[in-house]
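A quick write-up on the structure given underneath.
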Amino acid sequence: MRRLRRYLLLLVMLFAVLPAEAQYNREYFFWMGRRLMMEKEYSEAIRTLNILLRADEKAFEGYFWRGIAKYQLGDLLGADADFTIALELNPVYTIAYTYRAITRSRLGNYDDALKDFQEAIDLRPDLPNPYYSRGVTRLLNQQFKEAIADFDQFILQEDKVADAYLNRGVAYLYLKDTVRAYENFDRAVRTNREYPESYNRRGALYMQQARFAEAEADFDMAIACDSTHLLSYFNRALVYSNTNRPLLSLQDLDKVIELDSTSSLSYYNRAIIRSQIGDYGRALEDYDRVARYSPDNVLVYYNRGTLYAYLGRPDRAIEDFTRAIDLYPDFANAYLNRSAMHYELGDMKAARRDRDVAQRKIAAYKARLSDSTYSIYADTTQHFDRLLSFDSNLSGSRFERIRTAGAAENLKLISLFKFTLTNPDSTLKALRKVHYTPRELEFGKRIGHPQLHLTHGETNIPADSLLLLDRAAAERIHSAEQQGWEMLFERALTQSLVKQYTNSVNTYSMAIELNPANPFLYLNRSTTRAEMIDFISSIDNAYQRITIDSDPALRLQNNITRNYDYDEAIEDLNKALKLYPDFVYALYNRANLMALSGKLPEAYADYTRAIELNPQFAEAYYNRGLVQILMKDTRKGCLDLSKAGELGIGQAYEVLNHYAKPEH
């Protein structure tokens with residue numbers, strides 16, 4: 001990250017002066033985009049650079065800078081696309097090759113990354129940075145000798161960068177040359193004596209060699225350099241544990257958890273130490289946390305089951321051993337322990353069955369001891385209550401099932417569009433993205449309410465004011481000699497805002513009887529029907545939040561596998577689209593309801609049609625991206641999310657941070 005900031009500062013200096021012939025607007029937006037980048041306002045920088053690129057599609061620097069902003073926001077696919085355009089416009093743009101290579105390396109596309117690094121080096125062999133970055137990529141790609149050669153080349157030109165020595169040392173460590181690894185780690189310490197990572201790396205090597213006193217001294221120094229250096233506390237806790245100082249080990253693990261409250265490894269190791277010193281109650285609490293943060297970790301269930309067995313709770317022990325067996329069916333120890341628990345409960349048949357299964361798995365293990373792929377978890381001599389190092393994987397090791405269905409649990413669709421009443425002063429950000437056609441504008445003029453807007457946002461009008469608006473709408477209808485569809489629409493709208501959904505639907509129906517060819521009446525009745533379903537279902541669903549602004553689109557967040565009956569709401573949208581086939585917001589809303597009904601291909605088709613009609617429809621890109629992720633087309637989904645982020649949907653980058661990174 002420091003290197004990236006360093007590159008950015010260099011780039012600002014390089015592009016500080018624009019050509020004299022540049023137009024004023026181009027110069028202003030380019031300067032503003034760079035300034036926002038340096039202030040880390042990346043989303044705003046993208047919006048500013050979009051203006052520049054709409055005015056000048058050949059501005060390769062604009063694509064490059066926008067790619068940097070997307071990279072910083074975690075949108076790696078979007079960054080790759082922008083760097084590619086910059087290179088198409090300027091094939092000798094060396095730094096764009098370097099950054100595209102770095103981006104592709106982070107995406108796990110090492111072959112193409114290495115080709116880009118080679119292009120950058122061929123263009124400018126005198127620049128040291130491409131050698132460093134290529135060395136990192138080769139290290140990730142397990143090309144250790146080649147990585148060392150790149151770090152050698154970098155160090156020839158830049159011999160004061162501690163990370164270069166650390167990375168070269170890691171490469172030597174993978175080649176099992178611990179002498180040269182130590183030399184590099186030691187050189188890193190001497191290069192920068194205030195850099196905690198150098199001490200931490202050298203200390204880890206000492207710890208690996210059981211040189212615990214020297215390791216402890218290095219971890220002490222790392223913590224002295226940076227009192228928030230989480231990894232140093234964690235490693236020192238392992239040293240304390242290995243030297244029989246459990247209370248000091250617990251103190252360091254407590255500090256790690258204070259710095260990172262979701263550290264599964266820390267809770268796991270703390271649970272083991274607490275079990276060893278007899279603090280069983282709090283050990284169980286820690287195992288419970290690990291199970292919550294890493295629910296597919298086989299060891300937490302096995303160890304917690306063992307602790308329950310020790311505490312005389314065979315029923316809970318059986319539950320945990322069963323879960324461990326579900327996750328890893330060849331776990332002989334779990335069968336043996338579950339057998340003992342069945343025996344304790346007097347279930348001899350189940351006890352014999354589990355013991356027989358365990359013996360078969362043990363025999364199979366012994367017959368294949370020479371096969372390194374056969375799991376150690378059938379070996380009953382193994383102990384599984386040892387502390388795990390920081391590079392252990394609690395959630396993706398080879399004996400665990402990687403969750404896929406649960407991966408989408410936190411995805412939320414951007415909600416339905418509707419005509420609603422809201423104060424424009426605080427909703428301009430949402431309102432400015434709405435694409436009004438003459439038909440929508442004419443409808444708004446016909447209603448004539450100053451607070452009427454087409455938006456997916458919730459109203460910002462206080463509840464007591466909404467009640468007054470509803471009362472005033474009712475009085476107008478009551479005092480009118482003839483009820484017009486306009487006043488009925490307005491009353492239906494205020495009724496929906498105060499959550500009188502049934503009355504609102506009925507009033508919309510009365511308006512539709514008077515004006516059956518108006519697509520906007522069907523749009524709002526559809527939205528109200530969907531909101532009514534959501535509100536009612538939230539009452540009897542313990543997992544669904546119950547709030548005054550509950551939205552049906554949030555259904556995707558908590559119950560992705562359950563379908564809801566939005567048929568009437570969808571039928572209203574079908575009628576609206578029959579009357580107005582190019583009504584993009586009806587297409588968008590129907591796509592949302594299709595997605596919430598579990599009809600993902602149909603949702604995808606509607607989002608696509610909406611985007612064809614309005615290529616700047618950011619919300620449609622965002623939701624289509626989520627739908628594609630749910631349909632297991634993650635790459636295309638991320639591309640849509642990238643476009644949504646580019647168009648101003650900031651939350652797209654939060655999703656991209658999760659889904660656009662490869663598993664290692």
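Just so you know, residue 1 is the first one in the sequence shown, and it goes up from there.
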* **Separation of Arg270 CZ from Glu285 CD (nearest 0.5 Å)** => 8.5 Å
* To do: Assess the side chains of Asn589 and Asn592: does a donor N or O sit below 3.5 Å from an acceptor N or O?
  => no
* Asked: Any chance CD of Glu571 has more than 12 other-residue heavy atoms, nucleotides or ligands included, within less than 6.0 Å?
  -> yes
* Asked: What do you reckon, is CZ of Arg180 surrounded by more than 12 foreign heavy atoms closer than 6.0 Å?
  -> no
* **Geometric cation-pi criterion, Arg313 with Tyr308: 6.0 Å, 45°** => no
* Asked: Is the closest side-chain donor-acceptor distance between Asn235 and Asn200 under 3.5 Å?
  -> yes
* **Counterpart residues, side-chain contact (heavy atoms from CB on, under 4.5 Å), relative to Arg353 (two or more places apart)** => Lys349, Ala350
* State, yes or no, whether a side-chain contact exists between Tyr622 and Lys643 at a heavy-atom distance under 4.5 Å. => no
* To do: Please name the residue in the list Leu626, Asp75, Asn623, Leu77 that meets the side-chain contact (heavy atoms from CB on, under 4.5 Å) test with Leu641.
  => Leu626
* Asked: Taking the six-membered ring for Trp, are Tyr301 and Phe321 ring centroids under 6.0 Å apart?
  -> no
* Asked: In terms of the angle between their ring planes, are Tyr182 and Tyr206 parallel, tilted or perpendicular, with boundaries placed at 30° and 60°?
  -> tilted
* To do: Starting at CD1 of Ile325, measure out to OH of Tyr302 and round the result to the nearest 0.5 Å.
  => 10.5 Å
* Is Arg106 close enough and on-axis enough to Tyr71, meaning under 6.0 Å and within 45°, for cation-pi? -> yes
* Going by distance alone, is a donor N or O of one side chain under 3.5 Å from an acceptor N or O of the other, for Ser249 and Ser241? -> no
* **Side chain proximity check, Arg609 to Arg590, heavy atoms < 4.5 angstrom** => no
* **Among Arg282, Arg304, Arg316, the one residue meeting salt bridge (charged side-chain N to carboxylate O under 4.0 Å, His left out) with Asp288** => Arg304
* Within-4.5 Å side-chain heavy-atom neighbours: Tyr287 and Tyr268 -> yes
* Is Asp218 salt-bridged to Arg201, cutoff N-O under 4.0 Å? -> no
* For the student: nearest non-hydrogen atoms of Ala530 and Leu416, plus distance -> CB-CD1, 3.9 Å
* Distance flag, aromatic centroids of Tyr280 and Tyr310, threshold under 6.0 Å -> yes
* Step by step, work out the salt bridge (Lys or Arg N to Asp or Glu O under 4.0 Å) result for Arg104 and Asp111. => CA-CA 9 Å; Arg104 289 176 170 180; Asp111 290 343; over 6 Å; no
* Give a yes-or-no answer on whether the side chains of Asp606 and Thr608 include a donor-acceptor pair shorter than 3.5 Å. => no
* Asked: Residues two or more places apart in sequence or in another chain: which of them pass side chain to side chain donor-acceptor pair (under 3.5 Å) with Ser227?
  -> none
